[in-house]
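So the structure is just underneath, and the comments pick up after that.
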Protein chains: 2
Amino acid sequence: MAVDVVIFTLVKDRLSWLLVEVKDGPFIGKWAFPGGLVRGPESVDEAAARELSERTGVNAGYLEQLYTFGKPERDPGTRAVSVSYMALVPLAQIRLNPGPKYSAAKWQKVNRLPVLAYDHTQVARLALQRLRAKVQYTNIVCHLLPREFTLGEMQRVYEIILRRSLDRRNFRKKILALGLLTPLRRQKIGPHRPATLYAFRQRRPMVIEVL
Amino acid sequence: MAVDVVIFTLVKDRLSWLLVEVKDGPFIGKWAFPGGLVRGPESVDEAAARELSERTGVNAGYLEQLYTFGKPERDPGTRAVSVSYMALVPLAQIRLNPGPKYSAAKWQKVNRLPVLAYDHTQVARLALQRLRAKVQYTNIVCHLLPREFTLGEMQRVYEIILRRSLDRRNFRKKILALGLLTPLRRQKIGPHRPATLYAFRQRRPMVIEVL
DNA sequence: CCAAAAGTGTTGGTCTTACACCCATGC
DNA sequence: GCATGGGTGTAAGACCAACACTTTTGG
């Protein structure tokens, strides 16, 4: 009984996930998503949260169960079952730590995926699919954005995840009409015209037709 | 490591699920969804398919994983994990069989739910939610309809599941425009004006905006 | 002839999309 | 002054929701 966690973040305007290098077993040297066995006293959800926290130092963030694979090729022969999760965390909060189980950990852009250990190629496909679907009808992008952000930054997150460009005026109209954001007094200073900063009113998961 | 299967069907124009009466253990006498332990050589999906087949005699039908609960109250103390599934089968094909594990099996309308054993009240909510969402953007209703059916019958299935009435003309326009159905030469005879019979071109799962 | 379901088009409103110009800032 | 992103409104088309009457059959 194991868990695997696909941890997404944005690294320099690229959607990326965390890969770890397997240290031993039949898949030694291959890359995989972090994971591990569920321990005695903990629930499956808790094991996933622990894995997320051990690798990244993040305790909050967004964590969602994806799917349970009943026939992974991990340890072929035994019917090991693994429950996959996806997590969203803002890069700023992260302190990477491969831990004792893995020889390395790195952020990898979601395109150009190497061959992964176990059944993780399947897990990868599913996670991406779920993320792309879910940004369109929930407010989960709030977990990829900092507390305060401009509408331009928010739009960029959508464009990166959905791989298509959005019309700026239409995007603003829709997002603001949803009433999920609250404009802040402050503005973003920088090399260009200052932009109004916004924050999510609520960061708890909500189902709302976004795009 | 266990599976639980919520089996939906339509009984006399009512959406119903199959409940079984628990024969022993702490939940003796309570109703639950059928389920059981995953056996040595089989995968989790196979265990669910076996449970469906043993209770109903149906081998094909639609089967979809719902969610994995890591902390059921089944056998409190142990961390038993159970993977829940939902199945759709047309009533006509079914031969109910409680099997040795259960003292009874019955179809129960989805409203008026009794207190269920284990964590099955949660499973029930999730299954209904998933079914209601999924009829709207996939072709899964094909698994609740007979091979040949009229548009009126199809519309009724939607109305029953979604608990709202639909406009007949708009429904026809939309469904026919999707091109999922093929009209048959034959017509349904009966006490009223004969209706054209239709069949699904494809019965494999497809994602299509239906309503 | 009555009850019940089948079959069929149009219209108004809403929503979605496409599109262009000026503004504020740092360098 | 120039490059870069911020900010704003409108018009055409697509889509959706609402709506009534006639037909066919069995009993």
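A quick note: this is a predicted structure, and the numbers were derived from the prediction, not measured.
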| note | Distance col, row A:Ser103:OG vs A:Ile28:CD1, nearest 0.5 angstrom, shows 7.5 Å
| So, does A:Thr150 use its side chain to make a donor-acceptor pair with the main chain of A:Leu197 at under 3.5 Å? | no
| task | Give the minimum heavy-atom separation between A:Ala48 and A:Val5, together with the two atoms involved. | result | O-CG2, 3.8 Å
| remark: Bounded by its outermost nucleotides with an atom under 4.0 Å from a heavy atom of chain A, the footprint on DNA chain C reads C:dT17 to C:dG26
| query | Could one point to a donor on the side chain of A:Arg193 or the base of D:dA3 with an acceptor on the other under 3.5 Å away? | reply | no
| request: Check whether the side chain of A:Arg168 and the base of D:dG6 form a donor-acceptor pair under 3.5 Å. | output: yes
| task | Indicate the atoms forming the closest heavy-atom contact of A:Ala60 with A:Leu52, along with that distance. | result | O-CD2, 4.2 Å
| Nearest-Å distance for atom pair CZ/P, residues A:Phe171 and D:dG7 | 13 Å
| field | Shortest non-hydrogen separation from A:Val44 to B:Gly70 and the atoms involved | value | CG2-CA, 3.6 Å
| query | Should the heavy atoms of other residues, nucleotides or ligands under 6.0 Å from CZ of A:Arg201 be counted, would the total exceed 12? | reply | yes
| request: Please test A:Tyr67 against B:Tyr67 for ring-ring contact (aromatic ring centres under 6.0 Å, His included), starting from the C-alpha separation and ending with a verdict. | output: CA-CA 7 Å; A:Tyr67 200 79; B:Tyr67 201 79; over 10 Å; no
| query | Going by number, which of residues 148-163 of chain A have a non-hydrogen atom under 4.0 Å from DNA chain D? | reply | A:Thr150, A:Gly152
| request: Select from A:Arg169 and B:Asp167 the residue whose nearest nucleotide in DNA chain D is closer to the 5' end of that strand. | output: A:Arg169
| Distance under 6.0 Å and angle within 45° of the ring axis: does B:Lys106 meet both against B:Trp31? | yes
| Interatomic distance where NZ belongs to B:Lys173 and P belongs to D:dC15 [whole Å] | 13 Å
